[in-house]
Each structure stands twice: as structure tokens, then as C-alpha cells.
There are 2 protein chains.
Amino acid sequence: MLSQIAPSDDLAFFRPHQFLARENERPEAYYDILEGWACRHRLLSDGRRQITALYLPGDLCDPIWPLSGVCHDAVVALTNVRAVRRPLGDMQPLDRSRGAGLRLAESIERQSGWLVSLGRKTAVERLAHLLLELFERMRRAGLAYGQQCALPLTQTDIADATGLTAVHVNRTLQAMRAKGVLEFHSKWLRIPDLGALRDLAALGPHDPV
Amino acid sequence: MLSQIAPSDDLAFFRPHQFLARENERPEAYYDILEGWACRHRLLSDGRRQITALYLPGDLCDPIWPLSGVCHDAVVALTNVRAVRRPLGDMQPLDRSRGAGLRLAESIERQSGWLVSLGRKTAVERLAHLLLELFERMRRAGLAYGQQCALPLTQTDIADATGLTAVHVNRTLQAMRAKGVLEFHSKWLRIPDLGALRDLAALGPHDPV
DNA sequence: CGAATTCTTGAGTTTGATCAAGAAGTGTGG
DNA sequence: CCACACTTCTTGATCAAACTCAAGAATTCG
């Protein structure tokens with residue numbers, strides 16, 4: 001057991017496709033992700049899938065659970081995930097750690113950004129926005145190396161996060177690669193010019209990322 | 001001053017297009033809306049607009065402000081708005097009223113629902129989803145009369161909430177009217193068959209609304 | 001090494017966007 | 001109460017971004 005982990009906490013491990021939480025379940029604990037990626041998503045009856053959040057190392061999964069007590073969307077691991085399991089039962093909403101409120105606020109801001117992206121942006125803009133956001137989050141987590149970072153998503157995952165089809169994501173990424181604004185192979189992202197990609201993302205001057 | 005309003009609170013009034021909060025401002029108070037509608041939105045540099053939340057009578061505007069201290073998106077009145085102004089300075093996050101946490105949770109759930117709508121649903125499904133949600137919220141606020149309620153949005157507002165164009169909203173609403181699943185004129189909505197509209201909205205069995 | 005994903009490419013289609021103009025509706029001041 | 005201005009709604013014609021279907025190549029994983 002690691003020294004900074006409280007006695008009542010446990011380490012938890014998940015394999016790809018394994019559920020951290022199921023739809024409309026009352027979660028008993030939430031997870032402080034140490035390693036690996038997970039996502040929250042919703043499936044429509046005909047199979048359409050929308051990813052509504054991505055969880056990276058350092059993220060809480062999910063900061064809203066303490067607040068609402070239920071998780072409406074399923075959460076599944078995208079890679080192997082190692083996390084600290086924090087029981088929900090005995091805590092005051094948002095008071096367990098001082099950072100919980102801020103992290104919740106951040107995740108809500110992020111959702112608004114995604115809403116703008118899905119509602120009003122083109123394929124290129126959505127992809128630029130998403131990849132930039134993920135790179136920035138990895139950088140803040142200390143997991144970027146210069147202009148590069150791991151990005152363990154399939155093109156289908158990216159499609160389900162951006163509201164596009166996998167085929168269109170593939171073609172659009174190729175076009176962006178051809179223009180030299182990004183490199184992305186074997187789950188590894190490199191952004192030669194952050195400013196150029198930021199321009200492509202149609203972000204405002206005040207937007208984070 | 002109304003009897004149920006605390007001494008430090010004030011009534012506030014807004015006209016259509018008036019700001020309740022500006023982009024990247026630190027709000028000093030939030031609003032408990034008594035009457036009228038408002039929306040939170042973001043504008044892209046070329047004029048594209050996405051509405052990221054709608055505030056109806058009974059809603060807090062905005063439940064996230066106490067948490068983050070800044071409002072990233074502008075909030076403007078869509079109609080005349082009458083609201084109770086609640087200063088933010090002297091309160092513990094989420095502790096002012098017991099319901100604040102729940103209302104925040106609700107508004108986040110709603111955002112996830114919108115994310116799925118914008119990312120994966122067709123025009124008909126998005127419109128059905130939005131109108132159903134708004135009707136249900138009006139009903140819970142005690143402002144629905146049978147299957148009808150006020151819905152003071154222009155087709156442009158609806159377009160900016162659903163990520164469509166105003167022209168396409170117009171045509172799609174006409175098609176839905178022709179099928180008899182809804183009536184909507186002069187800012188008044190009637191839903192003859194809630195179940196039928198719900199089917200059109202591609203909502204899951206557990207989704208609210 | 002073989003099975004299963006994931007990625008790539010092509011051809012054809014569709015949904016929804018764009019542009020433009022006129023009709024209907026709403027509100028305001030005289 | 002009417003006239004004028006402005007916004008909102010409606011319609012038509014055309015266009016484009018993204019989707020669908022399909023099949024083969026490249027990777028990944030056990």
C-alpha cells in the first residue's frame with residue numbers, strides 16, 4: 001500500500017472494457033485514477049454511442065457521484081486502469097478533499113466546451129479541440145514529453161467523443177496530418193505547433209487549453 | 001419585498017437580451033428565477049452560437065457559480081426575467097440551501113443528455129428531446145396546463161440549443177406538426193401525445209423526462 | 001502464428017447547411 | 001388605433017459536410 005493512501009482506501013484495477021460503474025447504478029466508491037484511461041458513455045437503443053467524459057490519470061471518476069448518488073451513464077476502462085478506490089458512504093459531499101469542488105467545476109466547464117464543439121464545430125475543429133484538450137490534460141498530469149503524449153484511444157473512441165463516424169475521423173485526421181498540424185500513430189500523439197492546432201480548434205481567447 | 005425572501009436578498013429584473021452575467025466575469029450573486037427564461041451561451045469568433053443551458057422559473061442561475069467562482073459563458077435573458085438575487089460572497093459552496101447540490105447535480109445530468117443529443121441524434125430526435133425536456137421542466141415548475149405550456153423561444157434560439165440552423169428547425173418542426181406529434185405557435189407548445197414524442201426523442205428507459 | 005481489432009480507401013448517398021427573398025408577426029411611438 | 005420598423009417565420013433552390021456500405025490492408029494481441 002502506498003504511503004499517501006488512507007487506510008480505508010484500496011487500490012483497484014480494471015481491464016479494457018471492464019465497467020467502473022454501470023448505468024443507473026448507485027456507486028459505492030469513486031476512483032482516483034493513478035494510471036490508464038476510462039470513459040463515461042451512453043448508448044442509444046440502436047447502438048449509437050456518445051462518450052460524455054474521458055478520465056485520465058489524476059482525474060476523479062466521477063466527481064459528480066458524491067453529489068447525485070447515482071451514475072446515469074456507464075463508465076468503462078479504455079486501457080488497463082489502476083486507481084485508488086474511495087468509499088462514498090461516509091463522506092460529506094465535496095468535503096472529502098479540498099480539491100474535489102474544483103475538479104468538479106473543471107469537469108463541468110469541460111462539458112460545456114464539448115457542448116459547443118458538438119453543437120457548432122466542424123470535424124477539423126472538433127478533432128483539434130479534443131486532441132488539444134487531451135494533450136493539455138496529459139501535460140498537466142506530468143505525462144507529456146515535449147510536444148508529445150500517449151493517447152490510447154481508437155479512432156472509433158475519438159469518433160464517439162466528437163460525434164463523428166470512425167471513417168470520417170480517419171479521413172479528417174489524415175488531412176490534418178498531411179497539413180503537418182499533428183502526428184498520431186500507434187496511440188501516440190505529437191503536436192508540432194500548439195498554436196496552429198489551437199487556431200484550428202476555433203477556441204476563444206479565454207477558453208482553457 | 002416578499003415574505004420568503006431573506007433580508008439580504010434583492011429582487012432583480014432583466015429585459016430580453018440583457019446580461020445576467022458576462023463571459024469570464026466573476027459573478028457577485030446568483031439568481032433564483034421567479035419568472036421568465038434565460039440562457040447560457042457561447043459565441044465563436046465567426047458568430048456561431050451554442051446555447052449550453054436554459055434557465056426556467058424555479059431554476060438557479062447558475063448552480064455552478066458558487067463552485068467555480070467564474071462564469072465562462074455569458075448568460076442573457078430571453079424574456080423579461082424576475083429573480084431573487086443571492087449574493088455569493090458570504091456563503092459556503094453548496095451549503096446555502098440544501099437543494100443547491102441537487103439542483104447542480106440535475107443541471108449536470110441535463111448537460112450530459114444534451115451532449116448525447118448534439119453528438120448522436122438526428123434533427124427530429126434533438127427537437128423532440130428538447131421540447132419534451134422543457135415541457136417537463138415547466139410541468140414540474142407548476143407552469144404546464146394539461147399538455148401545454150409557454151415556450152418563449154424563437155426558432156433561432158431552438159436552433160442554437162440543438163446545434164441546427166434556424167431554417168432546418170423550421171422545416172423539421174413543420175414536419176413534426178404535420179405528423180401531429182406537437183403543436184407550437186406564438187410561443188405556446190402543446191404535446192398531444194407525450195409517449196409518441198418521447199419515442200421520437202430516442203430516450204432510454206432510464207433517461208429523465 | 002492466427003484471430004480479432006483497427007485502420008484505410010473508394011463510391012455513392014443523405015442530412016442538414018447555405019443563400020435569398022418574401023410573408024407574417026410583434027412592438028413602439030405618434 | 002394605425003403606421004412603420006424590426007424581428008421572426010416560411011419557402012425554394014442549390015450545395016457541401018459528413019454518413020453509409022463494403023472490402024481489403026495493417027496492427028495488435030493471445
Side-chain angles (χ1 to χ4, degrees), chain A residues 15-18 37 44 46-50 76-80 117-130 150-178 182-189 200 202, chain B residues 15-18 37 39 44 46-51 76-80 117-130 150-178 182-189 200 202:
Chain A
R15 311 282 291 158
H17 304 116
Q18 201 180 336
W37 289 36
L44 302 188
D46 61 358
R48 280 174 288 176
R49 173 184 183 234
Q50 178 64 44
V76 304
L78 295 168
T79 65
N80 287 324
S117 200
L118 295 188
R120 287 301 184 210
K121 291 188 182 176
T122 65
V124 169
E125 290 166 340
R126 291 185 208 188
L127 288 171
H129 181 159
L130 179 71
L151 205 152
L153 298 177
T154 65
Q155 294 184 356
T156 298
D157 293 329
I158 295 175
D160 289 339
T162 52
L164 302 167
T165 58
V167 170
H168 197 56
V169 165
N170 182 289
R171 289 195 236 265
T172 308
L173 284 179
Q174 279 181 62
M176 293 171 82
R177 259 178 265 168
L182 60 84
E183 291 164 36
F184 179 46
H185 3 238
S186 34
K187 309 292 155 71
W188 193 256
L189 173 69
L200 277 187
Chain B
R15 311 281 289 159
H17 304 118
Q18 202 181 337
W37 290 37
C39 77
L44 302 187
D46 60 357
R48 281 175 288 176
R49 173 183 183 236
Q50 178 64 43
I51 292 178
V76 303
L78 294 168
T79 65
N80 288 325
S117 200
L118 296 188
R120 288 300 185 212
K121 290 189 183 177
T122 65
V124 169
E125 290 166 341
R126 291 186 208 187
L127 288 170
H129 182 160
L130 179 71
L151 204 151
L153 299 177
T154 65
Q155 294 184 356
T156 298
D157 293 329
I158 295 174
D160 289 339
T162 51
L164 303 166
T165 57
V167 171
H168 197 58
V169 165
N170 182 290
R171 288 196 236 265
T172 308
L173 284 178
Q174 279 181 63
M176 292 171 83
R177 260 179 263 168
L182 60 85
E183 291 164 37
F184 178 46
H185 4 239
S186 34
K187 309 292 155 70
W188 193 255
L189 173 70
L200 277 187

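Residue numbers begin at 1 in each chain, while the letters A, B, ... track the order of the sequences. Everything numeric in this text was worked out from a predicted model, so none of it was measured.
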Protein-nucleotide distance ([X], atom [atom1]; [N], atom [atom2]), rounded to Å:
| X | N | atom1 | atom2 | result |
| --- | --- | --- | --- | --- |
| B:L78 | D:dT8 | CG | P | 11 Å |
| A:N80 | D:dC29 | CG | C1' | 12 Å |
| A:E125 | D:dA17 | CD | P | 12 Å |
| A:R126 | D:dA18 | CZ | C1' | 9 Å |
| B:K187 | C:dG27 | NZ | C1' | 12 Å |
| B:F184 | D:dT8 | CZ | P | 12 Å |
| B:L127 | C:dT15 | CG | P | 15 Å |

Please name the pair of heavy atoms, one in [X] and one in [Y], separated by the smallest distance, quoted to 0.1 Å.
| X | Y | answer |
| --- | --- | --- |
| A:L182 | A:R177 | O-CG, 3.3 Å |
| B:P16 | B:L78 | CB-O, 3.9 Å |
| B:A159 | B:A166 | CB-N, 3.5 Å |
| B:V169 | B:Q155 | CG1-O, 4.0 Å |

key: Check: B:T79 side chain, B:W37 main-chain N or O, donor-acceptor pair, under 3.5 Å   = yes
ask   = Looking only at atom types and distance, does a side-chain atom of A:E183 sit under 3.5 Å from a main-chain N or O of A:L189, one as donor and one as acceptor?
value = no
task = State which residues pass side-chain hydrogen bond (donor to acceptor under 3.5 Å, both in side chains) with B:R120; sequence neighbours excluded, sorted by chain then number.
result = A:D160
ask   = So, do A:L164 and A:T172 sit near enough that their side-chain heavy atoms are less than 4.5 Å apart?
value = no
query = Once you build an axis from the first five pairs and another from the last five of the helix from C:dC1-D:dG30 to C:dG30-D:dC1, how far apart in angle are they, to 10 degrees?
reply = 60°
query = Heavy-atom contacts under 4.0 Å between residues 153-168 of chain B and DNA chain C, which residues?
reply = B:G163, B:L164, B:T165, B:V167, B:H168
At less than 4.0 Å, is any side-chain N or O atom of [X] found next to OP1 or OP2 of [N]? Yes or no.
| X | N | answer |
| --- | --- | --- |
| A:N170 | C:dC7 | no |
| B:Q174 | D:dC9 | no |
| B:R171 | C:dT18 | no |
| B:R177 | D:dT10 | yes |

key: 5' precedence on DNA chain C between B:R15 and B:T122 (nearest-nucleotide basis)   = B:T122
Point-to-point distance, once rounded to the nearest 0.5 Å, from NE2 of A:H129 to CG of A:L118 = 9.5 Å
